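Right, one structure below, let's go through it.
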Amino acid sequence: MTDPKDTINIENVVASTGIGQELDLQSVAMDLEGADYDPEQFPGLVYRTQNPKSAALIFRSGKIVCTGAKSTDDVHESLRIVFDKLRELQIQVNEDPEIVVQNIVTSADLGRNLNLNAIAIGLGLENIEYEPEQFPGLVYRLDDPEVVALLFGSGKLVITGGKKPVDAEHAVDKIVSRLEDLGLLE
Amino acid sequence: RLRKWQERIRTKDAGERNLQFALSEIDRMASALGVPRSVREVASVIYRRALKEDLIRGRSIEGVATSALYAACRKEGIPRSLEEISEVSRVERKEIGRTYRYISQELGLEMRPVDPKKYVPRFCSELELSEEVQTKANEIIEKTAEKGLLSGKSPTGYAAAAIYAASLLCNEKKTQREVADVAQVTEVTIRNRYQEQIEAMGIHG
DNA sequence: ATCTTACTTTCCAAAGC
DNA sequence: GCTTTAAAAAGTAAGAT
């Protein structure tokens, strides 16, 4: 029996940082190839990195949001690329700006089909949200790691809202034991 | 002081007018849907609770009224799909769904997932199918749901597929299009659910 | 009938309306 | 509240072939 924890895969990491300098996004948009900037639509400039793949949202304040990376290492690598690109444009960028991971999206597999109707009752209707007419996943909010889990009939799940990779592992452990206690796994 | 007093009366009157508007909207939509008076009463109670709990702030009166009616239909065991509800409301489906989930959570309505069987009598009646077909459709839903096939699936599509299968088994065939129209799902959904259900039932293909 | 594309849900930061 | 970005899960839908 494979431990569901071993099936955990990080799908997306969101992080924020800042270069400590105000920016003229109009000129950055002109000089940075591949930059998308439409202030009418959104105040941030969008810059995509290829390796690792990610999208950075660069703001006038110099603050930056990076999303789409597959690991915390990739977030750092992507942002290093962004910092270097800005430096190439003669923009001052702090030595190594603090990067804060804000959200990690993970997927996992319990390896068994789930009866979501039974789980909805078992976990308590007041604790979950399950509206298959609107979305096929059951929404389960955990307190302990403060994350949100989406459980599917296939046994696959998505865990989001965590700040550290271990949050997902703890969440999977809790979900597995809760379901086992209820006799709703296997 | 006098101004404050007048203001209170003004806001009280405004609040009263808003409540009257919401209740008349619930009445209008309930009539259009043809649901019994008990459903309107449950919907009004839910709306008044939402009002008391101050859940309407930042949301439209119409949206909360529609969501209250949607919840009431389910609570009374005669669900209408969001699609059906949105046809008699001026609020779009997505907004009704969001508002419903919000008030449901905040008021602790503890709504159980919709049982597809609840749609069988109405859909079959619209299709002029016999009692025999209804019984067969319920049996298909019951047995396949027990095997876990229902997880994550839309109740209307699930009921539609079972009704389609039952109509074939009882020699009262309706086309996928006809069933899809009354259930307001696509033929593709009926086809997909139908295949899974007959396979799980061990019936011919 | 099947394929592709797209939309539903969850999370989070950013600046501004 | 909204706007934009990214990503997974699975169901549903629309338009094209």
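Within every chain, numbering begins at 1; the chains are lettered A, B, ... in the order of the sequence lines, protein sequences first and strands thereafter. None of the values given here were measured: they were computed from a predicted structure.
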side-chain hydrogen bond (donor to acceptor under 3.5 Å, both in side chains) contacts in which one or both residues fall within residues 135-159 of chain A, not counting sequence neighbours: A:Asp144-A:Lys174
Please determine, for the side chain of [X], which listed nucleotide ([options]) has the closest atom?
X: A:Ala55; options: C:dG16, C:dC12, D:dA6; answer: D:dA6
X: A:Val46; options: C:dA1, D:dT5, C:dG16; answer: D:dT5
X: A:Val148; options: C:dT10, C:dA14, C:dC12; answer: C:dT10
X: A:Gln102; options: C:dC12, C:dA14, C:dT8; answer: C:dC12
X: A:Thr160; options: D:dA7, C:dT10, C:dT8; answer: C:dT10
X: B:Arg193; options: C:dT9, C:dG16, D:dT12; answer: D:dT12
X: A:Phe59; options: C:dA14, D:dT12, C:dG16; answer: C:dA14

Same apolar cluster (I L V M F W Y, side chains within < 4.5 Å links), A:Val100/A:Val13: no
Sugar-phosphate only, base, or nothing, as touched by [X] at under 4.0 Å among non-hydrogen atoms:
X: A:Ser54; answer: nothing
X: B:Val185; answer: sugar-phosphate
X: B:Arg57; answer: nothing
X: A:Thr67; answer: base
X: B:Gly58; answer: nothing

Between [N] and [X], is there an OP1 or OP2 to side-chain N/O distance shorter than 4.0 Å?
X: A:Arg141; N: C:dC11; value: yes
X: A:Ser16; N: C:dA14; value: no
X: B:Ser154; N: D:dG11; value: no
X: A:Ser61; N: C:dA15; value: yes
X: A:Lys53; N: D:dA7; value: yes
X: B:Thr189; N: D:dA13; value: yes
X: B:Arg191; N: C:dT2; value: no

Intermediate values then yes/no, salt bridge (charged side-chain N to carboxylate O under 4.0 Å, His left out), B:Arg122 and B:Glu84: CA-CA 13 Å; B:Arg122 189 159 55 88; B:Glu84 293 174 298; 2.6 Å; yes
Chi angles and distances behind the side-chain hydrogen bond (donor to acceptor under 3.5 Å, both in side chains) call for B:Tyr100, A:Glu131: CA-CA 10 Å; B:Tyr100 155 73; A:Glu131 291 294 332; 2.9 Å; yes
Close side-chain approach of B:Arg193 to B:Lys153, heavy-atom, < 4.5 Å: yes
Any B:Val91 side-chain heavy atom under 4.5 Å of B:Thr99 side chain: no
Side chains of B:Tyr158 and B:Thr144, donor plus acceptor under 3.5 Å: yes
Within residues 81-115 of chain B: residues closer than 4.0 Å to DNA chain D (heavy atoms): B:Arg98
Distance-only check: which donor-acceptor pairs under 3.5 Å involve side-chain atoms of residues 49-56 of chain A, not counting sequence neighbours?
unit_1: A:Thr49; atom_1: OG1; unit_2: A:Pro52; atom_2: O; d: 2.6
unit_1: A:Thr49; atom_1: OG1; unit_2: A:Ser54; atom_2: N; d: 3.3
unit_1: A:Thr49; atom_1: OG1; unit_2: A:Ser54; atom_2: OG; d: 2.7
unit_1: A:Ser54; atom_1: OG; unit_2: A:Ser78; atom_2: OG; d: 3.2

